[in-house]
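Structure first, commentary second.
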Amino acid sequence: MARVAIVTGGTRGIGRAISLALSNMGMTVVANFGGDEETARLFTKDTGIRAFRWDIGDFEAVQAGVELVEREVGAVDVIVNNAGITRDSTLLKQSYEQWRAVIDTNLGGCFNMAKAVFPGMRARRWGRIVNIGSVNGQAGQYGQVNYAAAKSGIHGFTKALAQEGAAFGITVNAVAPGYVDTEMVAAVPADVLDKIVAKIPIGRLGQAQEIARGVAFLCAEDAGFITGSTLSINGGQHMY
Ligand code: CAA
């Protein structure tokens, strides 16, 4: 039977590329999305991949969403915690709401999703969890105390959960993208982005498929000896 995978934020940007890559590996993929119904509808029309809506930052909503997927599609073998938001602002200007929104969605979302699927993976003694971190969680970034803290937290979360899953055939890894050609990066002011790209040794933004390739690698059947690791895909930025 095909493995069942959930990709959060799986209808757009990097998540869309991950959904397609896992589907091309023969998995039955479900793309979660947070609110953009029209993009989700077009995504399903184009790809044949089903899309389910829930807020990954809401614990109860995640429980209900994953239960629905398990009823309608099957037991979940793979999750890719990809969904994330930015609320960029220097600490001086950052509101408590901007801080909370990013922590609750980006980091809380990983906890909520793992809580929903981990017991089943443990009982079946197989699982793949890939969390999408960021170069900005590894190195920090001016204007992103919230985002860098959440992404850095994801790297710690990954290494801790990897230890809890190891005896049960569950691998937990992180992929840390650099600056990728997506709507999120397009929202960075052009002059700021030019300076960032100038510091990327490969000299360009990444493509979503170049991140998806690493995620697919970590989700493969024969990737079972890789756990607690971080795969940095950032064009050489900071050389992590
Ligand atoms: N280092 C030092 N100083 C910096 C700086 C940096 N990296 N970036 C900006 N500054 C300075 C500016 O030069 C300016 O200085 P002056 O006032 O002396 O001219 C000052 O900071 C601007 O400060 P403000 O508080 O007025 O900033 P702002 O409100 O105009 O905007 C910002 C600040 C929101 C941080 C804006 O610069 C920004 O959006 N930066 C990009 C942040 C970024 O890279 N986000 C990544 C999003 S993509 C992503 O996150 C995906 C991923 O995982 C990689």
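Order of listing sets the numbers, starting from 1, for every ligand and every atom in it.
Remark: Arg128 does not engage Glu221 in a salt bridge, criterion side-chain N to carboxylate O under 4.0 Å. One finds a salt bridge joining Glu72 and Arg50 here, because a Lys/Arg side-chain nitrogen approaches an Asp/Glu carboxylate oxygen to under 4.0 Å. Salt bridge annotation for Glu38-Arg41: present, with a cationic side-chain nitrogen under 4.0 angstrom from a carboxylate oxygen.
Contacts between Lys93 and ligand 1, counted as non-hydrogen atom pairs separated by less than 4.0 Å, involve the side chain only. Using a 4.0 Å cut-off between heavy atoms, Ile196 contacts ligand 1 through its side chain alone, with no backbone atom that close. Under 4.0 Å from ligand 1, not a single heavy atom of Leu193 appears.
The presence of a protein heavy atom under 4.0 Å from atom 41 (C) of ligand 1 is confirmed. Atom 44 (O) of ligand 1 is approached by the protein to below 4.0 angstrom, counting heavy atoms only. Counting protein heavy atoms under 4.0 angstrom from atom 15 (O) of ligand 1 gives zero. Protein heavy atoms are absent from the space less than 4.0 angstrom from atom 30 (O) of ligand 1. Checking atom 24 (P) of ligand 1 against the protein gives a heavy-atom contact under 4.0 Å. Within a 4.0 Å radius of atom 5 (C) of ligand 1, the protein contributes at least one heavy atom. Less than 4.0 angstrom separates atom 18 (O) of ligand 1 from none of the non-hydrogen atoms of the protein.
The local environment of CG in Leu42 is crowded, with over 12 non-hydrogen atoms from other residues, nucleotides or ligands closer than 6.0 Å. The 12-atom threshold is not exceeded at CZ of Phe217, counting heavy atoms of other residues, nucleotides or ligands nearer than 6.0 Å.
Judged by distance alone, the side chains of Thr86 and Gln144 never bring a donor and an acceptor atom under 3.5 Å apart. There is no side-chain donor-acceptor pair under 3.5 Å between Asn82 and Thr8.
Atoms of ligand 1 found under 4.0 Å from any heavy atom of Val188, numbered from 1 in the order shown, are 41 (C), 45 (N), 46 (C), 47 (C). With ligand atoms numbered from 1 in the order given, ligand 1 contributes 48 (S) to contacts under 4.0 Å with heavy atoms of Val185. Residue contact check: Gln141 has heavy atoms under 4.0 Å from atoms 42 (C), 43 (C), 44 (O) of ligand 1. Listed by number with element, the atoms of ligand 1 under 4.0 Å from a non-hydrogen atom of Thr90 are 25 (O). Under a 4.0 Å criterion applied to the non-hydrogen atoms of Thr86, ligand 1 contributes the atoms 50 (O). Counting the atoms of ligand 1 from 1 in the order shown, those under 4.0 Å from a heavy atom of Val192 are 37 (O), 40 (N), 41 (C).
Taking the ring axis of Phe168 as reference, the NZ or CZ atom of Arg125 does not stay both within 45° of it and closer than 6.0 Å to the ring centre.
We find the CZ-CZ distance between Phe43 and Arg12 to be 12.0 Å, quoted to the nearest 0.5 Å. Distance check: Asn112 CG to Trp54 CH2 gives 11.5 Å after rounding to the nearest 0.5 Å.
For Thr182, the heavy-atom gap to ligand 1 stays at 4.0 angstrom or more.
Taking only non-hydrogen atoms, the option from Gly137, Pro189, Gly143 nearest to atom 38 (C) of ligand 1 is Pro189. Looking at Glu183, Gln144, Met184 and measuring to atom 50 (O) of ligand 1, the nearest heavy atom belongs to Gln144. Of the candidates Gly178, Ser89, Gly133, Gly84, Gly178 brings a heavy atom nearest to atom 54 (C) of ligand 1.
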Hey, mind stepping through Leu68 and Phe52 against side-chain contact (heavy atoms from CB on, under 4.5 Å) and telling me if it holds? CA-CA 9 Å; Leu68 184 64; Phe52 285 66; 3.8 Å; yes
Could you walk me through whether Glu210 and Arg204 pass the salt bridge (Lys or Arg N to Asp or Glu O under 4.0 Å) check? CA-CA 12 Å; Glu210 293 174 308; Arg204 62 169 174 83; 2.8 Å; yes
What's the verdict on side-chain contact (heavy atoms from CB on, under 4.5 Å) for Leu205 and Val180, showing C-alpha distance, side-chain angles and the deciding distance? CA-CA 5 Å; Leu205 296 176; Val180 177; over 6 Å; no
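For atom 11 (C) of ligand 1, the closest non-hydrogen atom on the protein side is Tyr142 OH, 3.5 Å. Among protein heavy atoms, the minimum distance from atom 51 (C) of ligand 1 is reached at Tyr147 OH, 3.4 Å.
Between Ser134 and ligand 1, an N or O atom pair is found at a separation short of 3.5 Å.
Linking ILVMFWY residues whenever their side-chain heavy atoms come closer than 4.5 Å, directly or via other members, places Ile211 and Val78 in the same cluster.
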